[in-house]
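Let me begin by presenting the structure, written as C-alpha cells, before commenting on it.
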Amino acid sequence: MSQKQTTRIADFFIYIILIAGGVLMVGPLLWMISTSLKDKTGVFQLPPQWIPNPIHWDAYQRLFHLSQLQTGFMNTIIVSLSVTIIGSFTSCMAAFSFAKLRMPHKNAMFLLLLVGLMIPYPAVMIPQFMMFSTIGWVDTLKPLIIPGLFGNITMIFFLRQYLQGIPDSVVESAKIDGASYWTIFSRIIFPLMRPAVAAQFILWFMGAWNDYLGPLIYLNSPEKQTLQVVIANLSATYATQTDYPLIMGLSFISMLPILIIFLIFQRQIIESVALSGMKN
C-alpha cells in the first residue's frame with residue numbers, strides 16, 4: 001500500500017470520527033429544539049419524534065408573556081455588556097502597561113496578578129460575599145459589574161503575551177517622535193492587537209452571559225435576577241408539572257444569543273485558540 005493510499009485511509013477515519021463527534025454534540029441541541037415544539041404528551045411519545053408533527057408554538061407564546069424572563073434578559077444584557085466593554089478596555093490598558101512600559105517591579109506585579117488565577121473561587125467566595133454585604137451591595141447588580149470593570153486576568157495575560165511579539169522599537173520610535181503613551185496605545189498598539197481583543201471579548205461575553213453562580217449568590221429579589229437564575233427557578237417550577245416543552249424553550253432562548261454570536265464570530269474564536277498557542 002502506497003503512502004498516498006495510507007494517508008487517504010487515515011483521513012477517511014478522521015472524518016468519520018469528527019462526524020460522529022459532531023452528531024454527539026449537535027444531537028442534544030436538536031432534541032432540545034424538537035422538544036420545545038411539542039406538546040406535553042408528544043415529549044413521551046415512543047418511538048420519539050425528531051420532527052414534531054404537528055408543530056406546537058404554545059411554549060414560546062407562553063414564554064413571551066413571562067415578566068420574569070423579560071427582566072432576566074434585561075439584567076443579563078446590562079451585566080454582560082457593561083462588564084465586557086469597559087473591562088476589555090481596562091484589560092487592554094493593563095496588558096499594554098505590562099508588555100511595553102518601563103515600570104519598577106513590573107514582572108513581580110504581573111506574577112502577583114497571575115496568582116489570582118491559581119486561587120479557586122470557592123476559597124474567596126465567602127469573604128467576597130461578606131465584604132459586599134458590609135457595603136450594602138448584596139441584592140444589587142454591583143457585585144457582578146464593578147469587579148469586572150477593572151479587567152479580566154485571563155484577558156490581560158493573553159493580550160500581554162500577544163503584545164510581546166510586537167517589537168519594542170515600535171514604541172520607542174513613537175516616543176522619539178513625541179507621541180504620548182495614550183497616542184501610542186490608541187493609534188499603534190490597539191489596532192495591532194484588535195483581532196486578539198475581539199476574540200477575547202467574545203469569549204468573555206459568553207462567560208458573563210452564562211454565569212449562574214455569581215447571580216445565585218448575590219441576587220435575591222426576582223426583579224434583580226439574571227437570565228440563568230430566572231431559568232433555573234422557572235425550570236424547577238415547571239418540572240413538577242412535566243412541562244418539558246416550556247423548559248426546553250427556556251433553555252433554547254437563553255442559549256440563542258450565544259449561538260448567534262458563535263456562528264457569526266467563529267473565525268475570531270478559532271483564531272483566539274490559534275493565537276494562544278503561538279510562540280512569541
Side-chain angles (χ1 to χ4, degrees), residues 25-37 59-88 120-126 128-129 132-133 137-149 151-155 200-266 269:
M25 288 186 288
V26 177
L29 172 63
L30 297 178
W31 182 251
M32 178 177 66
I33 298 173
S34 174
T35 303
S36 67
L37 298 175
Y60 293 98
Q61 292 174 355
R62 287 184 290 154
L63 285 176
F64 285 116
H65 292 88
L66 291 176
S67 59
Q68 308 100 303
L69 190 64
Q70 300 172 8
T71 304
F73 256 108
M74 290 303 303
N75 292 334
T76 304
I77 291 173
I78 292 172
V79 172
S80 301
L81 290 181
S82 60
V83 167
T84 51
I85 292 175
I86 301 177
S88 294
Y121 182 68
V124 298
M125 183 171 58
I126 296 177
Q128 277 189 351
F129 180 84
F132 291 139
S133 177
W137 283 9
V138 174
D139 203 24
T140 68
L141 298 179
K142 293 179 181 179
L144 306 177
I145 296 177
I146 302 299
L149 301 182
N152 182 290
I153 299 177
T154 304
M155 188 174 187
Q200 289 296 306
F201 176 87
I202 295 167
L203 295 175
W204 192 4
F205 178 82
M206 292 169 63
W209 183 274
N210 291 323
D211 185 25
Y212 173 73
L213 183 58
L216 182 65
I217 294 173
Y218 295 112
L219 304 178
N220 301 319
S221 303
E223 66 273 9
K224 300 291 180 60
Q225 292 174 345
T226 59
L227 183 62
Q228 304 304 327
V229 178
V230 170
I231 289 176
N233 294 337
L234 291 176
S235 297
T237 301
Y238 288 105
T240 58
Q241 306 173 16
T242 64
D243 198 345
Y244 294 110
L246 187 66
I247 295 174
M248 294 301 174
L250 277 169
S251 302
F252 178 68
I253 287 178
S254 68
M255 188 187 65
L256 189 59
I258 299 299
L259 183 62
I260 293 174
I261 289 176
F262 179 80
L263 292 176
I264 295 175
F265 299 103
Q266 57 181 320
I269 296 174

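- The shortest side-chain heavy-atom distance between Q228 and N210 falls under the 4.5 Å cut-off.
- Closest non-hydrogen pair, G249 versus S36, comes out as N-CB, 3.6 Å.
- Around the CE atom of M74, the shell of radius 6.0 Å holds no more than 12 heavy atoms that belong to other residues, nucleotides or ligands.
- Side-chain contact check for L69 versus L227: some heavy-atom pair is nearer than 4.5 Å.
- Shortest non-hydrogen contact noted between F132 and P147 is CZ-CG, 3.9 Å.
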Practice item. Evaluate side chain to side chain donor-acceptor pair (under 3.5 Å) for N233 paired with Q225, printing each intermediate quantity in order. Key: CA-CA 10 Å; N233 294 337; Q225 292 174 345; 3.2 Å; yes
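- Formation of a donor-acceptor pair under 3.5 Å by the T226 side chain with backbone atoms of P215 is not found in this model.
- The aromatic rings of F201 and F205 sit parallel, their planes meeting at an angle under 30°, below the 60° perpendicular limit.
- For the pair W204 and G148, the tightest heavy-atom approach, listed with the atom from each and the gap, is CH2-O, 3.6 Å.
- Distance check: L81 CG to I86 CD1 gives 10.5 Å after rounding to the nearest 0.5 Å.
- Side-chain contact between I261 and I202 is present, with heavy atoms from C-beta onward closer than 4.5 Å.
- For the pair L250 and I231, the tightest heavy-atom approach, listed with the atom from each and the gap, is O-CD1, 3.6 Å.
- The two atoms that bring S254 and W209 nearest to each other are O-NE1, 2.9 Å, heavy atoms only.
- Nearest heavy-atom pair across E223 and N75 is O-ND2, 3.0 Å.
- The structure places CG of L144 at 11.5 Å from CD1 of I78, a figure rounded to the nearest 0.5 Å.
- Between the side chain of N220 and the backbone N or O of D139 there is no donor-acceptor pair closer than 3.5 Å.
- To the nearest 0.5 Å, atom CD1 of residue I247 and atom CE of residue M32 are 12.5 Å apart.
- Note that the OG atom of S251 and the CG atom of L246 stand 9.5 Å from one another [nearest 0.5 Å].
- There is no side-chain donor-acceptor pair under 3.5 Å between Q200 and N152.
- Aromatic ring orientation, F252 versus Y60: perpendicular (interplanar angle above 60°, classes split at 30° and 60°).
- Within 6.0 Å of CD1 on I126 lie no more than 12 heavy atoms contributed by other residues, nucleotides or ligands.
- With contacts defined as side-chain heavy-atom distances shorter than 4.5 Å, the pair Y218/K224 does not qualify.
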Exercise for review: Let me see the working for I217 and Q128 under side chain to side chain contact (heavy atoms under 4.5 Å, CB included), right down to the final yes or no.
Suggested key: CA-CA 10 Å; I217 294 173; Q128 277 189 351; over 6 Å; no
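- With hydrogens and angles ignored, the 3.5 Å screen pairs a side-chain donor or acceptor of T84 with a backbone N or O of S80.
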